[in-house]
Amino acid sequence: MPEIPAELLEALRLTRTRFMASFPERFQELEATIAAGGPPADLQPIVHRIAGLAGTVGFPTVSQAAADFETLLVPGEAVDVATLSARLSDLQQAFDRDKTIEAEWMHPAAPPPAPDIPRPRLLLIEDDPDQRQLATVSLETAGFDVRTLASAETLLEDAQAWQPEVIVLDVVLPGIDGLLATRLLKAEPGVAQIPVVLVSARTALDERLAALTMGAADYLTKPYDSAELVFRLRRLLHAASPAPAAPAAAPAPPAAVTRRILLADDDPDVMRIVDAQMKAQRFETVLTFDGEAAVQALTSQTFDLAVIDLMLPKLTGFEVLQRLRELPVRPKALVLSARGREEDITRAFDLGADDYVTKPFRPQELAARVVRLLRQT
């Protein structure tokens, strides 16, 4: 198979691991809803998300079983418990089968030898020894050079001496807490430019806003997913990386046009994979997780292309396509959806979609279709 970009391969592996870990919980949620006689509307979002993601991360039988399950869940129509339970059993059997088979992308062709690339330096401040150990292992596995502190008492001195490229900082610490430590870091010229990611079990909106106001680049709540933390850290490092300067003696080449792409999908796992593939193609991306946010971005910014899921909250993908038609300059639109019915595809094209990819999808094919559409602009 074609060589897979390293960033995309990492996203696929992390998302597959996360999917396998979360499947039992999703299955139990479906099982409990069916046993309680819950309406199909309560089952549909869970089944739809499984159908859209499973095949992409190497669970094709699960994806098909979930898609078949979803066809039963018509709003307003009752389905007997025995039928739902049978489809649920099919879903479990599909999972048990697929998890024993490795996806084809898990063993790509070996890339040519590459020069030794320095590992990004990361300073982790966490007072709980178990959490500190777990975070260190996951971050080192993801390619970071990690140093740790049990408190923020010497944070300024350590940051100035080591100059990490990113700092991950717990909010609740003995002595100087994470919020105060962030304020101190941002007031010190030698380290103020270092991105700070705060993590905390506190979920109150005012605390999150206070952290961002003090200069934190991001805020994750505990327990957090290690894959999500790595994903966010890589995005921060990518955004902070300066562009390489052209040699002084050589004339600068014409500036390359950076294509801007809007991604609209409420599933963070799918978003992570699509974003990684687009980044591998050197595209600039803006991520939105509901239809209203997508429309707001499309009407206030300029994009070359929009990748839109149909099952978006607040405004559906169909409604987003309708709003696109009202723009003076309309970007290309590619629908990425688990809804593969002929009437859905036809409706999307009638509303102006330029292409339609059904989930589960191959990231490489998605990238090829995006490139094709961008060549037309």
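One is the number of the first residue; the rest follow in order along the sequence. Note that this is a predicted model, so its numbers are computed, not measured.
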Review point. For the side-chain hydrogen bond (donor to acceptor under 3.5 Å, both in side chains) test, which of Gln44, Arg87, Arg339 pairs with Glu70?
Key: Gln44

Study note, to complete from the structure: When every non-hydrogen atom of Val62 is compared with those of Phe19, the smallest separation belongs to CG1-CZ, 4.1 Å

Check your understanding: For the residue pair Leu198 and Ala216, what are the closest heavy atoms and their distance?
Key -> CD1-CB, 3.8 Å

Point to revise | Residue pair Asp170 / Leu173: nearest heavy atoms and the distance that separates them | key: O-CD1, 3.4 Å

Review point. Does the side chain of Phe69 come within less than 4.5 Å of Leu84's, by heavy atoms?
Key: yes

Revision key, fill the gap. Across all chains, not counting sequence neighbours, the salt bridge (Lys or Arg N to Asp or Glu O under 4.0 Å) partners of Asp90 are none

Point to revise | Single hit among Leu298, Thr302, Leu374, Leu262 for side-chain contact (heavy atoms from CB on, under 4.5 Å) with Pro331 | key: Leu298

Revision key, fill the gap. Exactly one of Arg272, Lys279, Arg234 clears salt bridge (Lys or Arg N to Asp or Glu O under 4.0 Å) with Glu10, and that residue is Arg234

Exercise for review: Specify whether Phe23 and Phe95 have parallel, tilted or perpendicular ring planes, treating 30° as the upper limit for parallel and 60° as the lower limit for perpendicular.
Suggested key: parallel

Exercise for review: Give the C-alpha distance, both sets of side-chain angles, the deciding distance and a yes or no for salt bridge (Lys or Arg N to Asp or Glu O under 4.0 Å) between Arg369 and Glu365.
Suggested key: CA-CA 6 Å; Arg369 290 175 178 269; Glu365 179 187 355; 3.0 Å; yes

Exercise for review: Would you please test Asp158 and Arg147 for salt bridge (Lys or Arg N to Asp or Glu O under 4.0 Å) and show each step?
Suggested key: CA-CA 10 Å; Asp158 285 275; Arg147 292 190 184 182; over 6 Å; no

Practice item. Could you please spell out the steps behind the side-chain contact (heavy atoms from CB on, under 4.5 Å) verdict for Arg13 and Leu9? Key: CA-CA 6 Å; Arg13 284 175 170 164; Leu9 185 61; 3.8 Å; yes

Exercise for review: Can you see which heavy atom on Met271 is nearest to which on Asp265, and at what distance?
Suggested key: CE-O, 3.2 Å

Check your understanding: If you count the non-hydrogen atoms of other residues, nucleotides and ligands that lie under 6.0 Å from CD in Glu25, is the total more than 12?
Key -> no

**Study point:** Sub-4.5 Å side-chain heavy-atom contact between Gln193 and Gln163
**Key:** yes

Practice item. Please answer: with hydrophobic residues joined when any side-chain heavy atoms are less than 4.5 Å apart, are Phe349 and Val307 in the same cluster? Key: no

Check your understanding: Do the charged groups of Asp355 and Lys332 touch, with an N to O distance under 4.0 Å?
Key -> no

Exercise for review: Taking the side chain as every heavy atom from C-beta outward, state whether Val171 and Thr182 have any atom pair closer than 4.5 Å.
Suggested key: no

Review point. Does Phe289 belong to the same Ile/Leu/Val/Met/Phe/Trp/Tyr cluster as Val274, with side-chain heavy atoms less than 4.5 Å apart forming each link?
Key: yes

Check your understanding: Is the backbone of Pro360 close enough, under 3.5 Å, to the side chain of Thr56 for a donor and an acceptor to pair up by distance?
Key -> no

Check your understanding: What are the two closest non-hydrogen atoms of Glu284 and Thr258, and how far apart are they?
Key -> CB-CG2, 3.7 Å

Review point. Closest approach of Tyr356 and Leu310, non-hydrogen atoms and distance?
Key: OH-CD1, 3.3 Å

Exercise for review: Determine which pairs satisfy side chain to side chain donor-acceptor pair (under 3.5 Å) with at least one residue from residues 134-145, sequence neighbours left out, and list them in order.
Suggested key: none

Review point. Taking atom types as modelled, is there a side-chain donor on Gln301 or Arg260 under 3.5 Å from an acceptor on the other?
Key: yes

